[in-house]
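Everything on this sheet refers to the single structure shown next.
Worth saying up front: this structure is predicted, and the values here are computed from it rather than measured. We number each residue from 1, following the sequence as shown.
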Amino acid sequence: MSQPDPVLAMFASRSVPRHLVRGALGLPMLVAAFALVPWLGPLALLLVVPAVVLLRGCPTCWALGLAQTCAVPRPARPSTGD
């Protein structure tokens, strides 16, 4: 079995659930960074850093990674053979 092209799978995660968790943590953190500016000032923008790390870039990069994660073929799990 050949390995997927690392350039094409640049934003892909190991699994779809793992990718969704990264998005569920990163997207609200990114929104909060900008929503909290009136109360916390520029200090709130520090939330952008971990959000970008979780999303591996912008929200578009995260969505592209989700599509790549879904498209990458996974090895079949062995059946239990009841």
Side-chain angles (χ1 to χ4, degrees):
M1 178 177 5
S2 66
Q3 295 292 333
D5 184 2
V7 174
L8 295 177
M10 184 172 152
F11 295 105
S13 294
R14 293 189 187 272
S15 68
V16 173
R18 182 177 290 185
H19 197 84
L20 292 175
V21 167
R22 283 187 22 242
L25 294 173
L27 290 172
M29 197 178 297
L30 189 62
V31 170
F34 293 102
L36 293 174
V37 168
W39 293 279
L40 299 176
L43 188 63
L45 296 177
L46 290 175
L47 285 174
V48 170
V49 175
V52 168
V53 170
L54 282 168
L55 297 175
R56 293 186 187 166
C58 64
T60 304
C61 298
W62 178 85
L64 179 63
L66 179 61
Q68 289 177 346
T69 302
C70 292
V72 171
R74 302 285 175 219
R77 291 184 180 184
S79 62
T80 55
D82 290 317

Cluster check [X], [Y]: I/L/V/M/F/W/Y, side chain < 4.5 angstrom:
X	Y	answer
Val52	Val21	no
Val31	Leu25	no
Leu30	Leu64	no
Leu54	Leu47	yes

What closest approach, in Å, do [X] and [Y] show between heavy atoms, and which atom pair accounts for it?
X	Y	value
Pro28	Gly23	CD-O, 3.7 Å
Arg56	Ala12	NH1-O, 2.9 Å
Ala51	Gly26	CB-O, 3.6 Å
Pro38	Ala35	CD-O, 3.3 Å
Leu45	Ala33	CD2-O, 3.8 Å

message: What's the separation between atom CE in Met29 and atom CG in Leu55, rounded to the nearest 0.5 Å?
response: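 The distance works out to 9.0 Å.
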- request: Find the distance between CH2 (Trp62) and CG (Leu20) and round it off to the nearest 0.5 Å.
  value: 5.5 Å
- request: Output yes when a side-chain donor or acceptor of Thr69 lies under 3.5 Å from a complementary backbone atom of Ser13, and no otherwise.
  value: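 Judged by distance alone, yes, a pair lies under 3.5 Å.
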